[in-house]
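Just so you know, these numbers come straight off a predicted model, no measurement behind them.
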Amino acid sequence: MLSDSYSTRRARRVLALSSVGVFIVFLDTTIVNVAFATIGRALHASTAELAWALNAYSLLFAAVLVPAGRLADAYGRKRVFQLGLVGFGAASAVCGLAPDLAVLIAARAVQGAFAALVVPSSLSLLLPEFPLRRRATAIGTWGAMGAVAAATGPTIGALLVEYASWRWVFLVNVPVCLVAAAVGARALAEARGLEAGGLPDPFGVLLTAIGPGLFSLAVTEGPTWGWGDGRVVGSLGLGLALVPVFLWRSRHAARPAIDLDLFRVRRYQVANAAMLVFAVAFFAALLAGVLFLQTVWHYSVLRAALAMSPAPLVAAVVARPAGRLADRYGHRVVIVPGALCYSAAAVLLATTVGASSHWTSHWLPASLLSGVGIGLTLPTLGSAAAHALPPARYAVGSAVSGSFRQLGGVLGVSLFVALLGTPTAVTAVSDFHRVWWVLASVAAMSGLIFLASGRPAGAGRTEPASAEQPAVPAVDGQE
């Protein structure tokens, strides 16, 4: 029988390796942001066109996350994790060598698909290593790596663009993935979660990508084509029409792309809804901040990234104690203040930042406040969703939550492009103010969703005798 110290060391190794995996894949959700202008000039692409380099990644990430979770449970979590790392590294190499925008967008889509293999498998490898009473802290650490990776992407990308080339924004992934895969081959043990295997419904998976893609197309191109344009109206109409088709398919397919039974747990519904809404504000604000600093304050790529660095640093500091607070008092008392902090940061930007550069007095306070909001909210939302699930559903359930986050990112980038429009030297400040006011409302809405959800989940509970199969009704108030 293994000693407690050996088990603890093993748990820490698994936590470290899974954190590296989630860091590298979430890094690529935002690392392109700071290189936007550089890539656009190199590949002769407009902002709206280049937005698809972000959205292609997020759309395929979201679409493949759910079947990836099922594959991890059915065919082996270690096997899927390793495949994801190697494939992600290979797709990153193609991105870095892309000769034109079409190749870059296609490679980003493939990159997103392999990233989706890494995330649910890494979490499902991690959670069984920790007892229930420490699980929220472990998830908080794992989730913090994803949040910090997304937030530090612009800084890392700026350093690579400044001292190497925009191509290294992607090529840097290759050695990291290869080393992580080599270590994982020895350090990880294989595990499965479902008795029956089988590929999820491919038509349902396709609908998961096509529906949000149509919404994104309409919102992104609406200002350029015109909101009454047939292509915009048709994209919105078809996207809406596919929603009931997707729900019907998910209900009747033998192996649905998304198991709708997961949403019978009310707390799981609320956590995912709040995750979707908060992600809209989070991803849009990251892109807005980088572009404002470069286009209005005329910061260099590196200076803009460094100017944004306080937020992810604060988020990294806050995330772990936020997990402990959630363990003790419940998720709601952490998520709601976090969402309101993030909303208040956007209000500060909208009311204090002007055409002249005042980083210390105007930008920094909002950056610090947004870091607190990110650290409190983003990883804790993931913890709240995962906390609803028995161990056999870890990979699938966390994948669904991740899909909501990535779809929020797609909608956030599209919303930002639509709100900003084509700013001029005269209108740029007011255009960005409009963006921040809208994002403040969106972030506050995510907190209100959780505030209206009832009693805090997790507060005052006693751990069940067996942490391996906790009763879902006792943990999350299943209805």
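Between Phe88 and Tyr57, the angle of the ring planes goes over 60°, which puts this pair in the perpendicular group of the 30/60° scheme. Note on ring orientation: taking the six-membered ring where Trp is involved, the planes of Trp166 and Phe170 are perpendicular (angle over 60°, cut-offs 30° and 60°).
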*Do Phe263 and Asn272 pass the side chain to side chain contact (heavy atoms under 4.5 Å, CB included) test, and can you show the C-alpha distance, the side-chain angles, and the key distance before you say yes or no?*
CA-CA 9 Å; Phe263 291 91; Asn272 282 301; 4.0 Å; yes

_Working note: Trp142 + Phe23, criterion ring-ring contact (aromatic ring centres under 6.0 Å, His included); need CA distance, chi angles, decisive distance, verdict._
CA-CA 9 Å; Trp142 178 89; Phe23 182 89; over 10 Å; no

*Please lay out, stage by stage, how Val347 and Trp437 fare under the test side chain to side chain contact (heavy atoms under 4.5 Å, CB included).*
CA-CA 6 Å; Val347 170; Trp437 276 116; 4.0 Å; yes

*With side chain to side chain contact (heavy atoms under 4.5 Å, CB included) as the test, would you mind laying out the steps for Leu287 and Val413 before giving the verdict?*
CA-CA 7 Å; Leu287 186 56; Val413 170; 4.2 Å; yes

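A donor-acceptor pair is defined here as one N or O able to donate and one able to accept, closer than 3.5 Å; such a pair exists between the side chain of Arg108 and the backbone of Asp28. At least one donor-acceptor pair closer than 3.5 Å links the side chain of Ser19 to the backbone N or O of Leu15. With hydrogens and angles ignored, the 3.5 Å screen pairs a side-chain donor or acceptor of Trp297 with a backbone N or O of Ser356. Remark: side-chain polar atoms of Ser370 are not paired, donor with acceptor, to backbone N or O of Ala311 under 3.5 angstrom. Under the 3.5 Å distance criterion, the side-chain polar atoms of Arg13 are left unmatched by any main-chain donor or acceptor of Ala187. Of the possible polar contacts, one joining the Thr352 side chain to the Leu348 backbone as a donor-acceptor pair under 3.5 Å is found.
To the nearest 0.5 Å, atoms CD (Gln294) and CG (Asn33) are separated by 10.0 Å.
Using a 4.5 Å heavy-atom threshold, the side chains of Val20 and Ile24 count as separate.
Ring centers of Tyr299 and Trp363: at least 6.0 Å apart, outside the cut-off.
A donor atom on one side chain and an acceptor atom on the other are not found under 3.5 Å apart for Arg266 and Gln269. With 3.5 Å as the limit, one finds no donor-acceptor pair spanning the side chains of Tyr342 and Ser446. Side-chain atoms of Gln111 and Ser92 include a donor-acceptor pair closer than 3.5 Å.
Across all their heavy atoms, Val336 and Leu451 have their closest contact at CG2-N, 3.8 Å. Minimum interatomic distance between Val22 and Met145 (heavy atoms only, all atoms of both residues): CG1-CB, 3.8 Å. For the residue pair Val334 and Ala326, the shortest heavy atom distance occurs at CG2-N, 3.9 Å. Shown here for Gln406 and Ala62, the closest heavy-atom pair between the two residues is CB-CB, 3.7 Å. Of all the heavy atoms in Gly382 and Met275, the pair that sits closest is N-CE, 3.5 Å. The heavy-atom pair separating Val290 from Ala304 by the smallest distance is O-CB, 4.5 Å.
The only option from Val25, Leu117, Leu17, Val118 that meets the side chain to side chain contact (heavy atoms under 4.5 Å, CB included) definition with Leu85 turns out to be Val118.
With a 6.0 Å cutoff to the six-membered ring centre and a 45° limit on the axis angle, Arg332 does not count as a cation-pi contact of Phe450.
For Trp168, the CH2 atom sits in a loose shell: 12 or fewer heavy atoms of surrounding residues, nucleotides or ligands are nearer than 6.0 Å.
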